[in-house]
Number of protein chains: 2
Amino acid sequence: MPVIKSSREEAVDAIMKEFRKSGYDAASLARLSAATGLGKSSLYHYFPNGKEDMAKAAGARAAELVVEAVIEPLTGEGDLKARLNKASAGLSKFYNGGKTSCLVDLFTIGEAEAAAPGLAKSMAEAVLRALASVAEESGHAKKQAKLVAERAVIELEGALVLARALGSTRPFQRMLSRLPELLLANEG
Amino acid sequence: MPVIKSSREEAVDAIMKEFRKSGYDAASLARLSAATGLGKSSLYHYFPNGKEDMAKAAGARAAELVVEAVIEPLTGEGDLKARLNKASAGLSKFYNGGKTSCLVDLFTIGEAEAAAPGLAKSMAEAVLRALASVAEESGHAKKQAKLVAERAVIELEGALVLARALGSTRPFQRMLSRLPELLLANEG
DNA sequence: TCCAATATACCAACCGTTCGGTACAGTGAG
DNA sequence: CTCACTGTACCGAACGGTTGGTATATTGGA
């Protein structure tokens, strides 16, 4: 039930969108201002430390959405295959079918690391932990679960990069179809 | 035998290095000037269209180096396993063990695409073509060879992203050890 | 003499950030 | 009920600095 979105929450969503479209460096305050509909100085009202705060808020929001779209369906109830399908659909939606980039990638490039140190790392680690936990639950040994989670993240990030470079969502779609058999324990 | 490096060639190498370290947007003319040891006017002497020309030159040089380090060893003489080892070593060296990024990733972010349209795409396609040709030669059917090449590039790019995010080269190293069995036709 | 190469000086545009200020919705004392 | 006060939301204008890029002058080797 979408009660009332505060202006700040709306702003964070728009900011996340802009960062994921342009990357950290190219997402200028002018663009973030246009994306949110707020004046530059208004942005400083919600984010006193400027661009750095905006990046952190965008990262936190993205993590929230990933948990919502992927992790929760994965650890929920129902048969395993159905859960994997749900998670795949969630991934596809969050990454817009492969057209929208991942902040784990974008926030490790250029000035982002200097502005918000460790942000990308903590985001990556959170996803790795969640995926490893799921893989372990599905039958993998602890060590193997970690490796499987790493491969999943690698395929995700790589597919997004290639899709972006080629201007095609096909590599991302193919990667999505590979994911379930990767996570599951009963492989050949 | 290219004994004497022209000043321009040295500059291109330094520029490529800087782009691969900072990405397109954060690689300012000031940084490129410092990286090359050349004043702005000298840079514009060698690269009349400015940053755009520098990006193109860096991309072309990177492609050259990849062919040299990976493709040529792969299509050379000797037993297949030895060639794969050589290519792996070449990859590791070119990407500095996972510490240096790939321009296919960096040049699809921010203003790069607007400045040099299609550059990242042509680079990605060149690598895909070369890898697919190798995979086909090693026994894969044409269609399968393309898919295998795509997966190899995805793993490469993804491993580089994750390694960068985590600040660890381990994901890249593990990916390198997976590559040979991916390219080879006789899989389970 | 010629011309590639470099230096110096400069530009308008834009950067992230800050300032001074307005509009307005509470709130609590009288 | 009123009115001074407070806090939140927002904005236009400007800050000092940097951006990518240019124009002009000078250097130095062939």
Side-chain angles (χ1 to χ4, degrees), chain A residues 3-59 103 106-107 109-117 119, chain B residues 3-59 103 106-107 109-117 119:
Chain A
V3 200
I4 293 170
K5 243 196 221 169
S6 93
S7 179
R8 197 193 128 105
E9 273 168 359
E10 292 182 74
V12 169
D13 278 341
I15 286 167
M16 182 191 69
K17 217 169 159 184
E18 182 60 34
F19 273 129
R20 292 181 72 193
K21 190 172 77 178
S22 304
Y24 183 83
D25 292 309
S28 68
L29 280 244
R31 283 193 193 179
L32 292 166
S33 169
T36 55
L38 294 172
K40 281 202 234 177
S41 40
S42 302
L43 287 175
Y44 272 83
H45 174 70
Y46 293 112
F47 310 97
N49 289 326
K51 214 177 166 181
E52 174 191 328
D53 277 4
M54 298 182 217
K56 286 178 185 168
L103 292 179
L106 300 176
F107 280 178
I109 290 169
E111 304 294 282
E113 194 55 40
L119 177 54
Chain B
V3 187
I4 299 170
K5 245 196 222 170
S6 90
S7 177
R8 197 193 127 103
E9 274 170 357
E10 291 181 74
V12 169
D13 278 340
I15 286 167
M16 182 190 68
K17 218 170 158 181
E18 182 59 33
F19 273 129
R20 292 181 70 193
K21 190 172 76 176
S22 303
Y24 183 82
D25 293 309
S28 65
L29 287 209
R31 283 192 191 178
L32 292 166
S33 171
T36 55
L38 294 172
K40 271 206 257 181
S41 51
S42 303
L43 284 177
Y44 272 84
H45 174 70
Y46 293 117
F47 310 98
N49 289 327
K51 217 176 162 182
E52 175 191 326
D53 276 5
M54 298 183 217
K56 286 179 185 166
L103 292 180
L106 300 176
F107 280 178
I109 290 169
E111 303 296 279
E113 194 57 40
L119 177 53

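Residue numbers begin at 1 in each chain, while the letters A, B, ... track the order of the sequences. This structure is a prediction, so every number in the text was calculated from the model and none was measured.
Using a 4.5 Å heavy-atom threshold, the side chains of Leu43(B) and Ser33(B) count as touching. Using a 4.5 Å heavy-atom threshold, the side chains of Val12(A) and Phe47(A) count as touching. Side chains of Tyr44(B) and Leu29(B) form a contact here, defined as non-hydrogen atoms less than 4.5 Å apart. For the pair Leu103(B)/Met16(B), a side-chain contact is recorded, criterion being any heavy-atom separation below 4.5 Å from C-beta on.
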Each nucleotide in nucleotides 11-30 of chain D should get exactly one letter: B, S or -. Can you fill that in based on protein heavy atoms under 4.0 Å?
BB------SBBB--------
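Partners of Phe107(B) under the ring pair (Phe, Tyr, Trp, His ring centres under 6.0 Å) rule, at least two apart in sequence or in another chain, are Phe19(B).
Of the possible donor and acceptor atoms, one in the side chain of Asp25(B) sits under 3.5 Å from a partner among the backbone N and O of Glu111(B). Judged by distance alone, the side chain of Lys51(B) and the main-chain N or O of Tyr24(B) form a donor-acceptor pair under 3.5 Å.
On the nucleic acid side, DNA chain C contacts chain B at distances under 4.0 Å to non-hydrogen atoms, with the end points of that region at dA4(C) to dT8(C).
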